[in-house]
Trainee: 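One structure is given below, represented as structure tokens, and several questions about it will come after.
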Amino acid sequence: MKLCSKCRKNPWPYAIVLLIASFAGFLTWLTLSAAGASPTVNSWLSAIAFLAVAGLLFTYMVHCMARHCRDDARRSGTSPHQAH
């Protein structure tokens, strides 16, 4: 299942992934700052948390978008509401 160009160019799912990943990175930075971690360690771990959350959410989002793409249902001749 591939994404159609309309689904692929929709900016909102990507913006939501970046928003949630940024929030997770900020919470990590805030927690490590309160715990007294050094600024270098704090930055690295916050970046790792951001990348991990963004990667997981991006993968999940693309799979969900591909699964629910309306163009895919038109090509295969099935209704988008039929159970698979």
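In this text, all values refer to a predicted model and were calculated from it rather than measured experimentally. Computed over heavy atoms, backbone and side chain alike; hydrogens, waters and symmetry mates excluded. The first residue of the sequence shown is numbered 1, and numbering continues consecutively from there.
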Trainee: Are Val53 and Leu45 grouped together when hydrophobic residues (ILVMFWY) are joined by side-chain heavy atoms under 4.5 angstrom apart?
Mentor: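 Different clusters: Val53 never reaches Leu45 through Ile, Leu, Val, Met, Phe, Trp or Tyr contacts under 4.5 Å.
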Trainee: Mind checking who shares a hydrophobic cluster with Phe50, ILVMFWY linked at side-chain heavy-atom distances under 4.5 Å?
Mentor: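 Once heavy-atom contacts under 4.5 Å are chained together, Phe50 belongs with Leu18, Leu51.
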Trainee: Enter the distance from Met65:CE to Tyr14:OH here, rounded to the nearest 0.5 Å.
Mentor: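 Those atoms lie 4.5 Å apart.
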Trainee: Can you spot which of Leu27, Thr28, Thr31 makes a side-chain contact (heavy atoms from CB on, under 4.5 Å) with Ser46?
Mentor: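 The single option meeting the side-chain contact (heavy atoms from CB on, under 4.5 Å) with Ser46 is Thr28.
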Trainee: Is there a side-chain contact between Ile20 and Leu57 (heavy atoms, below 4.5 Å)?
Mentor: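 Yes - at least one pair of side-chain heavy atoms lies under 4.5 Å apart.
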